[in-house]
Amino acid sequence: MAETVIPLADFRYSATVPSVPLALSAPTGLLSDRLDRPLRDLRISVTDRCNFRCSYCMPKEVFDRHYSFLPQQSLLSFEEITRVARLFVAHGVQKIRLTGGEPLLRKRIEVLIGQLSALRTPAGEPLDLTLTTNGSLLARQAQALKDNGLQRVTVSLDALDDAIFRRMNDADFPVANVLAGIDEAARVGLGAIKVNMVLQRGVNDDQIVPMARHFRDHLGGAAILRFIEYMDVGATNGWRMDQVLPSAQVIARLQEHFPLEPVGANRLGETAARWRYADGAGEIGVISSVTEAFCQDCNRARLSTEGKLFLCLFAHQGHDLRTLLRGPFSDEQIAGTIGLIWQGRDDRYSELRSGMAAPTGSDSTRRVEMHYIGG
Ligand code: SAM
């Protein structure tokens, strides 16, 4: 019988304190990395805690009551997050996504949203401010999030069938509450809502058609369902390639029920390939993170819960910005440091993955976990 090895090493401190440049120039909003990719999208993890225990993300065997989550003083404060976000925006970031862990578990998250929604791009435009949630607390919080300036939400939902959903979240959480959260988000105007479904072959692939049918016919197209290939993130989920259901097969299965036509990308760096129902009932997306890597136009940076900057979801090493934020450094110095880090970036793990041996042992244990770095 195959055995899944679950390493218990702590990955959280794999970050170096970056050097602050001596010669400083003001951010231009036109930063690009070594592969000519601009910096446009910042994902901020606001907590490493989650109330779900999805086996592919935070398996119960590892994240149990003995697991030490980050202490409160390690987390970036709202003021620190807003300060560093402002510097990223000066460098060209136009979109900020709050994530985690489960971001709605962070106390008074709406206050942070209020602070971030006041930021403006160098051209004076508001940010595209969004949040990714498991939806469990959304029905209660949607109105406050909207009132404080959140524009959109993405809700993760892996099954419509209650028994499958409860099994997958491994917290016995009913699907009806997430669906109520999506309805409430639509009602208060947090649209267009994206619903992200991570697919694992043999676990929830029988939910593809029911999920598509539900979101086609429900909410008058206010929610866009996106199917995501299960990725080899982190080191605790025992990922195997044979668990991945390629997006091409998802489209083929859907075509048997609902004819689909491809739609062009909305913008550079968009992760999902878009398809629309030929009968006009809205659209879906597929995110082929494994079978068709999209590193060539990846414009995303990720800030961990404790202020470490990661340049790739699959990075082994972060850059400790919190030490700078809590040290005697000016905004100009920290902005200069961020600029240098981005200019040195050449990560493209997903494109290289196919030519690499599957990570095992110490190699896989160096990967950062998704709940820490933010999904
Ligand atoms: N708690 C929030 C949520 O559920 O959306 C935000 C954090 S969660 C880590 C963000 C997203 O990452 C979720 O949609 C989750 O399904 C996805 N995710 C986690 N592990 C993944 C993996 N190995 N492959 C693909 N997606 C994954």
Side-chain angles (χ1 to χ4, degrees), residues 4 6 43-59 62-63 69 96-106 109 130-138 141 145 152-159 164-165 168-171 173 175 177-178 181-182 185 190 193-201 203-205 207 211 223-241 243-247 250 271-272 285-291 293-294 300 302-305 310 313-314 349-350 353 358-359 364 367-375:
T4 301
I6 299 176
R43 299 193 177 186
I44 304 174
S45 173
V46 293
T47 174
D48 59 338
R49 292 164 197 260
C50 188
N51 51 347
F52 284 9
R53 285 293 175 273
C54 306
S55 58
Y56 62 79
C57 188
M58 292 182 72
V62 177
F63 301 95
F69 288 97
I96 291 186
R97 174 180 299 282
L98 300 182
T99 176
E102 172 46 44
L104 298 187
L105 288 178
R106 178 86 186 242
I109 185 75
T130 179
L131 174 145
T132 299
T133 172
N134 62 26
S136 59
L137 302 166
L138 188 56
Q141 298 190 25
L145 299 175
R152 304 183 289 115
V153 281
T154 296
V155 181
S156 305
L157 178 62
D158 294 336
I164 299 176
F165 183 68
M168 289 187 76
N169 65 55
D170 212 4
F173 197 85
V175 74
N177 296 19
V178 177
I182 295 173
L190 283 172
I193 299 165
K194 289 177 182 155
V195 177
N196 280 355
M197 176 179 185
V198 175
L199 280 167
Q200 281 181 285
R201 195 192 289 278
V203 175
N204 63 339
D205 52 335
Q207 294 294 292
M211 285 277 286
I224 300 170
L225 178 60
R226 300 167 348 141
F227 299 94
I228 304 182
E229 289 177 352
Y230 175 41
M231 289 183 280
D232 49 335
V233 194
T236 56
N237 62 10
W239 182 90
R240 294 192 322 265
M241 187 65 200
Q243 298 168 313
V244 177
L245 189 73
S247 296
V250 176
T271 50
V286 287
I287 302 183
S288 313
S289 3
V290 176
T291 60
F294 34 77
R300 279 176 291 286
R302 294 166 190 274
L303 193 63
S304 80
T305 315
F310 289 87
L313 188 52
F314 299 95
Y349 171 82
S350 293
R353 172 201 287 118
S364 65
R367 292 241 190 95
V368 182
E369 294 296 325
M370 188 101 146
H371 75 281
Y372 168 72
I373 197 178

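We count ligands from 1, going down the list as the structure has it; atoms in each ligand are counted the same way. Since the model is a prediction, treat every value here as computed from it, not as a measurement.
The Tyr230 neighbourhood of ligand 1 comprises atoms 22 (C), 23 (N), 24 (N), with distances under 4.0 Å to a heavy atom of that residue. Interface of Cys57 with ligand 1, defined as ligand atoms under 4.0 Å from a residue heavy atom, comprises 9 (C), 19 (C), 20 (N). Applying the 4.0 Å criterion to heavy atoms of Thr133 picks out, from ligand 1, the atoms 2 (C), 3 (C), 4 (O), 5 (O). Residue contact check: Met231 has heavy atoms under 4.0 Å from atoms 22 (C), 23 (N), 24 (N), 25 (C) of ligand 1.
Looking only at distances, no side-chain donor or acceptor of Gln207 sits under 3.5 Å from a matching main-chain atom of Asp158. Between the Thr130 side chain and the Arg152 main chain, a donor and an acceptor come within less than 3.5 Å of each other. Panel note: side chain Asn204, backbone Gln200; a donor-acceptor pair is recorded below 3.5 Å. Counting only distance, with no hydrogens or angles, the side chain of Thr47 and the backbone of Arg49 share a donor-acceptor pair below 3.5 Å.
Residue contacts with ligand 1: Val198 is placed with no nitrogen or oxygen under 3.5 Å of a nitrogen or oxygen of the ligand (distance criterion only). In terms of polar-atom proximity, defined here as any N/O pair under 3.5 Å, Asp158 makes no such contact with ligand 1. For ligand 1, the polar-atom distance check against Tyr56 finds a nitrogen or oxygen pair separated by under 3.5 Å. Annotation: Gly101 places an N or O atom under 3.5 Å from an N or O atom of ligand 1; distance criterion only. In terms of polar-atom proximity, defined here as any N/O pair under 3.5 Å, Thr99 makes no such contact with ligand 1.
For Phe63 against Arg53, the heavy-atom pair with the smallest separation is O-NE, 2.8 Å. Closest heavy-atom contact between Leu199 and Tyr230: O-CB, 3.3 Å.
In this view, Phe173 and Phe52 satisfy the ring-ring contact (aromatic ring centres under 6.0 Å, His included) rule, not counting sequence neighbours.
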